[in-house]
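In this chain, numbering begins with 1 at the start of the sequence shown. Since this is a predicted model, take the numbers as computed values, not measurements.
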Amino acid sequence: SLALLMIALTTVYGLFAWPGIFLIAAEGFWLDHLSLHFSLMLIPLLLITSVAMGSIGSLIGLIAPDEGLAGLFGNLVMMGVLFLGMVPVNAVGQWALAFWILPSTGPLAILKGIMFHGPYNTWPHWLGLALYAAVAMTVSAYVIKKPQ
């Protein structure tokens with residue numbers, strides 16, 4: 001079915017991010033001496049983030065004219081999404097509140113709360129991730145179904 005195809009596409013694209021996430025956590029632990037705390041909430045966070053971030057990759061892959069451009073655009077867009085998602089809102093001002101829509105901002109806020117026992121009122125981030133994934137997957141499904 002189309003829904004299963006979209007979940008498979010976004011999950012596969014999202015899986016590419018997992019090794020980088022684990023390397024960043026290991027670097028923070030070993031080199032920066034950060035104390036990490038495991039939580040079962042990391043599992044749904046990784047899954048929903050994979051789908052949200054993977055929906056970008058699947059959408060780019062579907063609308064790009066060829067595979068080479070899909071890879072180029074995918075890398076450029078992902079770098080932008082990841083790095084803009086790390087901008088601390090309180091450091092740059094209120095204009096940065098627009099970054100909450102990025103699928104990397106929410107997971108970073110949630111991850112900070114989980115890993116470092118920070119404030120845990122992150123339901124808007126969970127909701128934003130779910131909405132982002134749903135909208136991007138719907139657009140991807142439309143691209144697949146539209147007549148050529």
Side-chain angles (χ1 to χ4, degrees), residues 1-32 34 36-89 96-148:
S1 73
L2 185 58
L4 240 126
L5 173 65
M6 292 313 307
I7 290 172
L9 278 175
T10 56
T11 302
V12 167
Y13 275 106
L15 288 176
F16 287 117
W18 286 26
I21 292 168
F22 292 122
L23 285 175
I24 290 169
E27 182 271 332
F29 177 73
W30 285 315
L31 298 179
D32 297 330
L34 298 174
L36 302 176
H37 305 282
F38 179 78
S39 170
L40 289 177
M41 290 302 291
L42 289 172
I43 296 168
L45 178 62
L46 283 174
L47 293 175
I48 189 74
T49 303
S50 291
V51 171
M53 296 292 285
S55 62
I56 295 172
S58 66
L59 189 57
I60 290 171
L62 290 168
I63 62 175
D66 65 32
E67 295 148 6
L69 287 175
L72 173 69
F73 294 147
N75 284 330
L76 291 174
V77 169
M78 282 299 180
M79 282 191 291
V81 166
L82 290 172
F83 288 119
L84 287 174
M86 290 187 271
V87 173
V89 175
L97 287 174
F99 290 148
W100 80 268
I101 193 87
L102 295 173
S104 55
T105 305
L108 288 171
I110 296 167
L111 190 62
K112 184 176 171 185
I114 291 172
M115 300 294 279
F116 304 112
H117 296 296
Y120 202 69
N121 185 14
T122 57
W123 69 266
H125 296 295
W126 285 100
L127 179 63
L129 273 172
L131 287 173
Y132 187 92
V135 168
M137 287 176 66
T138 302
V139 172
S140 293
Y142 170 77
V143 170
I144 289 175
K145 286 174 54 172
K146 81 175 183 180
Q148 299 297 330

Name the atoms and distances for all side-chain donor-acceptor pairs under 3.5 Å in residues 65-83, with sequence neighbours left out.
from	atom 1	to	atom 2	distance (Å)
Asp66	OD1	Gly68	N	3.2
Asp66	OD1	Leu69	N	2.8
Asn75	ND2	Gly71	O	3.2

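- We find the NE2-OG1 distance between His125 and Thr49 to be 12.0 Å, quoted to the nearest 0.5 Å.
- Residue Ile144 holds its CD1 atom at 10.0 Å from CG of Leu59, rounded to the nearest 0.5 Å.
- Every residue meeting the side-chain contact (heavy atoms from CB on, under 4.5 Å) condition with Leu4, not counting sequence neighbours, appears here in chain and number order: Ser1.
- Taking each heavy atom of Ile48 and Ala130 in turn, the nearest pair found is CD1-CA, 4.2 Å.
- To the nearest 0.5 Å, the span separating CE on Met137 from CG on Leu5 amounts to 9.0 Å.
- Residues meeting the side-chain contact (heavy atoms from CB on, under 4.5 Å) test with Ala52, sequence neighbours left out: Pro103, Leu129, Tyr132, Ala133.
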